[in-house]
Amino acid sequence: MCDFDFEKVYGEIGKGFHEVHHKRPISTYDEEHEIPQSELVALCSNCHSMVHRRKEAMDVDELKSIVQNKRNN
């Protein structure tokens, strides 16, 4: 999304690092079950924090649009 590269900034320790965001909040599930990969998205720590800045998590595509618009200005 934002193209942040942890390896470029932190070296070997940052290689392959990312956080996983659940598109559907875990708290909305009634019982334990396997979460399909389609419900998960890899984000950098900053983007993951930003999608959770609102009371209800922001849609990842909305944040992507915000990032792209800021880059174009």
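Every heavy atom of this structure was used, including side-chain atoms; hydrogens, water molecules and symmetry mates were not. Source: prediction; values computed, not measured.
- Rounded to the nearest 0.5 Å, atoms CD (Gln68) and CG (Asn72) are 7.5 Å apart.
- Environment of OH in Tyr10: sparse, with no more than 12 heavy atoms of neighbouring residues, nucleotides or ligands closer than 6.0 Å.
- Arg24 contributes no side-chain N or O that, together with a main-chain N or O of Leu40, makes up a donor-acceptor pair within less than 3.5 Å.
- Below 30°, between 30° and 60°, or above 60°: for Phe6 and Phe4 the angle between ring planes is above 60°, a perpendicular geometry.
- In this structure, Asp30 places its CG atom where only 12 or fewer heavy-atom neighbours from other residues, nucleotides or ligands lie under 6.0 Å away.
- Distance check, rounded to the nearest 0.5 Å: NZ of Lys64 to CG of Asn69 gives 12.5 Å.
- Hydrophobic clustering keeps Ile26 apart from Val20 (ILVMFWY residues linked when any side-chain heavy atoms are closer than 4.5 Å, directly or through intermediates).
- Checked against Met50 for a side chain to side chain contact (heavy atoms under 4.5 Å, CB included), the options Val67, Leu63, Ile66 give a single hit: Leu63.
- Here Lys15 does not pair with Asp5 in a salt bridge; the nearest charged N to carboxylate O distance is not below 4.0 Å.
- Rounded to the nearest 0.5 angstrom, Glu12 CD and Glu7 CD are separated by 6.0 Å.
- Between the SG atom of Cys44 and the CZ atom of Phe17 there is a distance of 9.0 Å, given to the nearest 0.5 Å.
- Summarising the local packing, CZ of Arg71 is surrounded by more than 12 heavy atoms from other residues, nucleotides or ligands at distances under 6.0 Å.
- Residue Leu43 comes nearest to His48 through the heavy atom pair CD1-CA, 3.8 Å, listed as atom of the first residue, atom of the second, then distance.
- His21 contributes no side-chain N or O that, together with a main-chain N or O of Glu19, makes up a donor-acceptor pair within less than 3.5 Å.
- Rounded to the nearest 0.5 Å, atoms CE (Met58) and SG (Cys47) are 10.0 Å apart.
- For Ser65 (side chain) and Asp61 (main-chain N/O), no donor-acceptor pair under 3.5 Å exists by modelled atom type.
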